[in-house]
Amino acid sequence: QVQPVESGGGLVQAGGSLRLSCAASVGTFSTYLMGWFRQAPGKERVFVAAIKWIGANTYYADSVKGRFTISRDKAKNTVYLQMNNLKPEDTAVYYCAVRRNSGYSDNQLEYDYWGQGTQVTVSS
């Protein structure tokens, strides 16, 4: 069973950068879609970005386009979320998720495996 594990969260000032990592416990998920979601205090969990393991097609929420970059390292079975020009509204718990179907989806209900989340706090 794939079990994503996130790392890299922390506290950063507005305008700063952080890189989140997501490692899966099992290799070769070549048909999967890897996604990042976030949940701010008192709000629902929402889609941030996704990447197809094969082909590396990427998808982003409008709120992060131009600031966040999702990528993957197949040799390390790891997906990254590079976050630049962070804003206080980016403060949230960030979750890595895996969808066994490689088709694009921003619907959290269509993802099969979830990490425990990592806290990102952006101070103003």
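Here, residue 1 is the first one in the sequence, and each next residue gets the next number. Just so it is clear, the values below take in all heavy atoms, side chains as well, and ignore hydrogens, waters and symmetry mates.
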Walk me through it: do Val48 and Leu81 pass the test side-chain contact (heavy atoms from CB on, under 4.5 Å)? CA-CA 10 Å; Val48 175; Leu81 186 67; 4.2 Å; yes

Given 3.5 Å as the limit, does a donor-acceptor pair link the side chain of Arg72 with the main chain of Trp53, or not?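 Indeed, once roles are kept as given, a pair shorter than 3.5 Å links the two residues.
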
How far apart are the C-alpha atoms of Arg67 and Asp90, what are their side-chain angles, what is the distance that settles it, and do they pass the side-chain contact (heavy atoms from CB on, under 4.5 Å) test? CA-CA 11 Å; Arg67 299 189 299 122; Asp90 294 317; 2.7 Å; yes

For the atom pair [atom1] ([X]) and [atom2] ([Y]), what is the distance rounded to the nearest 0.5 Å?
| X | Y | atom1 | atom2 | result |
| --- | --- | --- | --- | --- |
| Lys52 | Arg99 | NZ | CZ | 9.5 Å |
| Glu44 | Gln39 | CD | CD | 8.5 Å |
| Lys65 | Tyr60 | NZ | OH | 10.5 Å |
| Leu33 | Ser105 | CG | OG | 7.5 Å |

Residues Met34, Thr78; criterion side-chain contact (heavy atoms from CB on, under 4.5 Å); working and verdict: CA-CA 10 Å; Met34 309 293 290; Thr78 300; over 6 Å; no

Derivation of the side-chain contact (heavy atoms from CB on, under 4.5 Å) call for Trp114 and Val98: CA-CA 7 Å; Trp114 290 85; Val98 179; over 6 Å; no

A side-chain contact here means heavy atoms from C-beta on lying under 4.5 Å apart; do Leu20 and Val79 qualify? no

Below 4.5 Å, heavy atoms only, C-beta onward: do Lys74 and Ile54 meet side chain to side chain?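 The answer is yes, as the side chains (C-beta and beyond) meet within the 4.5 Å cut-off.
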
Cluster check Tyr80, Ile51: I/L/V/M/F/W/Y, side chain < 4.5 angstrom: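 Hydrophobic grouping puts Tyr80 apart from Ile51.
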
Please, which pairs that meet ring-ring contact (aromatic ring centres under 6.0 Å, His included) have at least one residue in residues 85-112, sequence neighbours excluded? Phe37-Tyr111, Phe47-Tyr104, Tyr59-Tyr104

Could you pull out every donor-acceptor pair under 3.5 Å between side chains of residues 6-19 and any protein atom, sequence neighbours left out?
from	atom 1	to	atom 2	distance (Å)
Glu6	OE1	Gln116	N	3.1
Glu6	OE1	Gly117	N	2.9
Glu6	OE2	Cys96	N	2.8
Glu6	OE2	Gly117	N	3.2
Ser17	OG	Asn84	OD1	2.9

Would you mind checking if Asp112 and Arg100 are paired as a salt bridge, meaning a charged N to carboxylate O distance below 4.0 Å?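 Yes.
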
